Each structure stands twice: as C-alpha cells, then as structure tokens.
Amino acid sequence: MADKPKQTKIVLLTGYLGAGKTTLLNHILSNDRGVRAAVLVNDIGEINVDASLIAKGGLSQVDGELIPMTNGCLCCTLSDDLARQLAQIADSGDFDYIIIEASGICEPIPIAYTISQFCDESKYGSAAPLDLDNIVAVVDCARMWDEFHGGRDLLADNIDEDDIEALLIQQLEFCTTVVLNKCDTVTREQIDELKGIVRSLQKEAVIVEAEQGNVDLDQILDTNRFDFNQAYGSAAWLDAMEHPEEHDDPEVLEYGIETFVYDRRRPFDIDRFADYVRTWPKEIIRAKGQLWSAQDPDMCYMFEQAGQQSMLSEQGKFIASAPDDIRARLIAENPEVMDDWDETCGDRETKICFIGQHMDKQALVAGLDACLVDWQH
C-alpha cells in the first residue's frame with residue numbers, strides 16, 4: 001500500500017492587535033528544527049509593519065516566504081484568495097507548514113471553516129494536500145486582565161471600546177491552543193484567575209503560559225489538535241446548554257466564575273428586554289442562547305452578548321408555528337425535538353446561557369423575569 005502523501009500543515013494564529021501574534025510567529029520562524037514555513041499575513045492597517053517585523057525576525061533563517069494578503073480583511077476575501085494561495089503553496093511541495101496570522105479584528109470561525117473545507121479529505125481522499133493542525137489564540141495577559149476587570153486604559157485607538165472584549169471572547173471560544181502571553185506583566189495570582197476566565201469560556205483548549213511569545217514549539221506545531229466539529233463544540237456556553245448539570249469546574253468556581261442556564265416557557269417583551277440588557281450587571285462576561293419574543297412569537301431568535309456588545313438575529317421559525325402537516329413532517333425528521341416539547345408552547349422557549357464573575361444570580365433572574373409576558377396561542 002502506498003504511503004499517504006505528506007500534507008502541508010496549517011497553523012492559524014488569532015488574537016487582537018498587540019497581543020503578540022507576530023512575536024510568536026517570529027519565534028516559530030527562527031526555529032532550529034529546519035521547519036520550512038510559508039506565512040500568510042493579514043492585518044488591516046498593520047500589514048507593512050508586520051511584514052517588516054516578520055522579515056527581520058527569522059524568515060531569512062529558514063527556507064520560507066512571506067505572502068501578504070493586502071486586498072482587505074481575510075474574513076471577507078478568504079473564499080477565493082485564501083484557497084488559491086493555500087493551493088499554490090501546497091502544490092509547490094516546498095513547505096512543511098503554512099502559518100496564517102489573521103487580522104486582530106477577524107473572527108476565527110469563518111476562516112477555519114474555509115480552510116477546513118479546502119482540507120476536507122472526503123473531497124480528496126487520503127491525498128488532501130493540507131491539514132489544519134492548530135488554531136492558536138494569543139492573549140495579552142495585562143490587557144485581558146484590564147478588560148475583564150473594568151479598565152479601558154489599554155485600548156488601542158483603532159478598536160472601538162465595545163469591540164475588543166467581544167473579539168477576545170469569540171477568539172477564545174474557537175481555538176485549540178490558548179497562549180497567555182506577556183505573563184511577566186501580571187502576577188501569579190492574576191495568571192491563575194485569567195486561566196479560570198479562559199476555562200469558563202473554553203473547556204477543551206490547551207492553555208500555555210508565555211513571555212515574549214516564547215512557547216515550546218511542540219505546543220504549536222504537529223499537535224493534531226484541530227477538528228472543526230470538536231472545536232465548534234468546545235465553547236463552554238454550548239456545553240452548559242447541553243449539559244447544565246455537569247459544568248461546575250473547580251478551576252472556574254475558585255474565582256467566583258459561574259455558569260447557569262436561564263430557561264423559561266414564556267416570551268420576553270423584546271423592548272423591555274432590550275432596556276434591561278443595556279443596564280444589566282457588568283459582571284456578565286458572556287450570554288448566548290435562543291430567545292422567544294412576544295412581538296414575533298413564531299420566530300426563534302439567537303441572542304448573543306460578549307462584553308459590552310449584544311446582538312439579536314433570526315434563526316428560523318419554531319416548529320410549533322408550522323401548519324399541522326409541515327409540523328408533523330418536521331417532527332418525524334427531527335424526533336429529538338419531542339424530548340423538550342411542551343404541550344402548550346411546543347418548542348417555543350427562551351434558553352440563554354450566562355457566564356459571569358461574582359454575579360448576583362438571584363438579581364439577574366429577577367431582572368430577566370421582569371421582562372416576561374404571558375402568552376396564549
């Protein structure tokens with residue numbers, strides 16, 4: 001039997017601006033293992049600076065090349081640009097690795113999804129040319145501590161105040177390795193608490209401590225950690241929704257971080273709820289789940305809050321709202337729906353996971369309950 005063709009492995013580096021992605025990248029590139037690495041870099045407004053830093057930091061010491069993606073955000077152009085560039089690098093046979101340094105303002109899921117589709121062995125058989133090996137979220141410890149403890153002094157001028165914490169949460173929720181960088185800028189106690197915060201958001205990723213991006217390369221390269229479905233399901237809020245009785249992590253509870261699921265079979269008055277969201281406790285780190293609105297009772301909404309940002313989006317109509325024949329067909333196709341079916345409401349319900357630190361759970365529940373209204377079919 002022929003050996004499986006050697007794949008070019010991919011490492012995706014995420015993290016907000018200034019977290020230390022480029023420093024970590026330079027550390028990888030200056031390795032003494034003879035790793036041949038190609039690099040894709042995309043940072044809006046930072047591309048020339050980062051390209052210069054990378055070029056000085058080790059590319060001349062390895063047989064690699066730098067391919068700046070200068071035509072806009074990686075998230076927006078990845079379908080054509082990224083696939084083409086990945087294919088060219090893989091086909092050349094010159095590289096062991098492709099390191100992608102994503103923009104600090106990019107969400108990781110769409111990037112990872114496109115790469116995963118391109119690497120999908122179901123399309124190529126065993127000859128898939130690429131393998132997404134690791135998604136590394138790089139975190140500036142001092143900045144993360146500041147963000148999660150009410151400070152705003154370390155905010156970059158080109159990132160809105162409302163954006164940075166939300167991006168950090170999204171990057172932590174979808175990764176396989178977390179590098180807590182610049183550990184020398186915080187205390188041991190702060191590092192331990194930051195680990196608790198990370199674990200409250202991300203239940204499976206390996207957490208690595210680092211100073212100046214100095215990380216054991218075994219934690220970055222050849223890890224075989226990434227699986228799209230596993231990474232997608234590793235967000236702690238999703239695990240709490242599916243297993244609400246099993247999410248009490250001692251590492252998290254030690255620092256007053258709590259996760260609970262708010263579940264009601266009555267709809268929210270959406271205006272009342274929106275007013276409450278604007279004033280609810282700052283101790284809430286993350287909230288996400290489905291929402292039932294009295295103003296639009298047939299539509300299932302997804303509510304999402306990270307830091308100071310919140311968003312409501314349509315997810316499709318509740319099955320209970322469908323005509324009898326369509327509802328019967330949908331239930332036959334998705335019998336698990338009946339596991340949580342209510343005789344009056346059907347599958348209509350509000351079910352939101354909350355993650356927070358030192359939350360007054362009783363007051364939060366009371367505030368949410370005050371937004372509920374009675375509903376009759």
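Here the structure is a predicted model, which is why all the values come from computation and not from measurement.
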Next item on the list: Over all heavy atoms of both residues, which pair between C141 and V186 is shortest? Give the atoms and the distance, please.
Entry: CB-CG2, 3.8 Å
Next item on the list: Begin with the C-alpha distance, continue with both residues' side-chain angles, and end with the deciding distance and a verdict on side-chain contact (heavy atoms from CB on, under 4.5 Å) for E101 and I99.
Entry: CA-CA 6 Å; E101 182 184 347; I99 314 295; 5.8 Å; no
Note to self: Quick check: do L372 and P267 have side-chain heavy atoms less than 4.5 Å from each other?
What the structure shows: no
Notebook entry, point to check: Would you say M311 and L172 are hydrophobically clustered, going by side-chain heavy atoms of ILVMFWY under 4.5 Å?
Noted result: no
Next item on the list: Consider only side-chain N and O atoms of E304 and S310, and report whether a donor and an acceptor are under 3.5 Å apart.
Entry: no
Next item on the list: Kindly state whether the ring of F228 and the ring of F174 have centres lying under 6.0 angstrom apart.
Entry: yes
Notebook entry, point to check: Is I257 reachable from V261 through a run of hydrophobic residues whose side-chain heavy atoms are each under 4.5 Å from the next?
Noted result: yes
Next item on the list: Using the salt bridge (Lys or Arg N to Asp or Glu O under 4.0 Å) rule, take D192 and R188 through it: C-alpha gap first, then chi angles, then the decisive distance, then the call.
Entry: CA-CA 6 Å; D192 291 340; R188 179 73 253 171; 2.9 Å; yes
Item checked: Pairwise side-chain contact, Q295 with D271, heavy-atom cut-off 4.5 Å (strictly under) -> yes
Margin query: To the nearest 0.5 Å, what is the distance between CH2 on W145 and CG on L194?
Written below: 6.0 Å
Notebook entry, point to check: Are M302 and I270 connected in a single hydrophobic cluster, I mean Ile/Leu/Val/Met/Phe/Trp/Tyr linked by side-chain heavy atoms less than 4.5 Å apart?
Noted result: no
Check: Less than 4.5 Å apart, any side-chain heavy atom of W292 and any of F318?
Finding: yes
Notebook entry, point to check: Any donor-acceptor pair under 3.5 Å linking the side chain of Y97 with the backbone of V39?
Noted result: no
Check: Which of these passes side-chain contact (heavy atoms from CB on, under 4.5 Å) with L25: I100, L13, V11, I220?
Finding: L13
Next item on the list: Determine, stepwise, if the pair I284 / L364 fulfils side-chain contact (heavy atoms from CB on, under 4.5 Å).
Entry: CA-CA 10 Å; I284 297 172; L364 177 59; 3.8 Å; yes
Next item on the list: Indicate the atoms forming the closest heavy-atom contact of A236 with S200, along with that distance.
Entry: CB-O, 3.0 Å
Next item on the list: List in chain and number order the residues that pass ring pair (Phe, Tyr, Trp, His ring centres under 6.0 Å) with F273, two or more places apart in sequence or in another chain; answer none if no residue qualifies.
Entry: F268, F303
Check: Hey, does I10 have a side-chain heavy atom less than 4.5 Å from the side chain of D133?
Finding: no
Notebook entry, point to check: Hey, are the side chains of Q171 and V138 touching, using non-hydrogen atoms and a 4.5 Å cut-off?
Noted result: no
Check: If two hydrophobic side chains count as joined below 4.5 Å and joins carry through other members, does M338 share a cluster with I326?
Finding: yes
Next item on the list: Applying side chain to side chain donor-acceptor pair (under 3.5 Å), name anything that partners D369, two or more places apart in sequence or on another chain.
Entry: Y262, R264
Note to self: Nearest 0.5 Å, please: how far is CG in D216 from CG in L221?
What the structure shows: 9.5 Å
Check: Do any N or O atoms from the side chain of D298 and from the backbone of K317 form a donor-acceptor pair under 3.5 angstrom?
Finding: no
Notebook entry, point to check: What's the spacing between N181 CG and R143 CZ if we round to 0.5 Å?
Noted result: 12.5 Å
Notebook entry, point to check: What closest approach, in Å, do A306 and I169 show between heavy atoms, and which atom pair accounts for it?
Noted result: CB-CD1, 3.8 Å
Checklist line | Contact check, side chains of V206 and T176, non-hydrogen atoms, under 4.5 Å | finding: no
Check: Distance from F226 atom CZ to S116 atom OG, nearest 0.5 Å?
Finding: 4.0 Å
Margin query: Out of the candidates Q230, E204, Q219, only one should pair with R225 under the side-chain hydrogen bond (donor to acceptor under 3.5 Å, both in side chains) rule; please name it.
Written below: Q219
Item checked: Separation of E283 CD from M359 CE (nearest 0.5 Å) -> 9.0 Å
Notebook entry, point to check: Run the salt bridge (Lys or Arg N to Asp or Glu O under 4.0 Å) check on R327 and D324 step by step: do they pass?
Noted result: CA-CA 5 Å; R327 182 170 65 249; D324 291 347; 2.6 Å; yes
Check: How far apart are the closest heavy atoms of I115 and L86, and which atoms are they?
Finding: CG1-CD1, 4.2 Å
Next item on the list: Could you tell me whether K9 and D96 have a side-chain N and a carboxylate O separated by less than 4.0 Å?
Entry: no
Notebook entry, point to check: side-chain contact (heavy atoms from CB on, under 4.5 Å) between T350 and D263: does it pass, once the steps are laid out?
Noted result: CA-CA 6 Å; T350 288; D263 191 356; over 6 Å; no
Next item on the list: Check step by step if salt bridge (Lys or Arg N to Asp or Glu O under 4.0 Å) holds for D340 and R265.
Entry: CA-CA 11 Å; D340 197 31; R265 290 285 185 173; 3.3 Å; yes
Check: Got more than 12 heavy atoms from elsewhere within 6.0 Å of CD, Q212?
Finding: no
Next item on the list: Could you point out which residue of Q202, K203, R286 forms a side-chain hydrogen bond (donor to acceptor under 3.5 Å, both in side chains) with E173?
Entry: R286
Checklist line | Beyond-backbone contact of M144 with I197, side-chain heavy atoms, under 4.5 angstrom | finding: yes
Check: Can any side-chain N or O of N334 pair as donor or acceptor with the backbone N or O of L330 at less than 3.5 Å?
Finding: yes
Notebook entry, point to check: Considering only heavy atoms from C-beta outward, does the side chain of H27 approach that of L217 to under 4.5 Å?
Noted result: yes
Next item on the list: Look at the aromatic rings of F354 and F260 and report parallel, tilted or perpendicular, splitting at 30° and 60°.
Entry: parallel
Next item on the list: Establish, from distance only, whether the side-chain atoms of D269 and Y276 form a donor-acceptor pair under 3.5 Å.
Entry: no
Item checked: Steps toward side-chain contact (heavy atoms from CB on, under 4.5 Å) verdict (W341, I319) -> CA-CA 10 Å; W341 193 268; I319 292 176; 4.2 Å; yes
Item checked: Rounded distance (nearest 0.5 Å) linking atom CG of D347 with atom CG of D339 -> 12.5 Å
Next item on the list: Scan side-chain atoms only and decide if Q357 and E193 contain a donor-acceptor pair under the 3.5 Å cut-off.
Entry: yes
Note to self: Is it the case that over 12 heavy atoms from other parts of the model lie below 6.0 angstrom from the CD atom of Q362?
What the structure shows: no
Next item on the list: Taking all heavy atoms of A142 and all of T185, pick out the closest pair and write down the distance.
Entry: CB-OG1, 3.4 Å
Next item on the list: Give the minimum heavy-atom separation between T14 and A137, together with the two atoms involved.
Entry: OG1-CA, 3.4 Å
Note to self: Between E349 and R266, is the salt bridge (Lys or Arg N to Asp or Glu O under 4.0 Å) condition met? List the steps.
What the structure shows: CA-CA 7 Å; E349 68 176 326; R266 292 168 59 197; over 6 Å; no
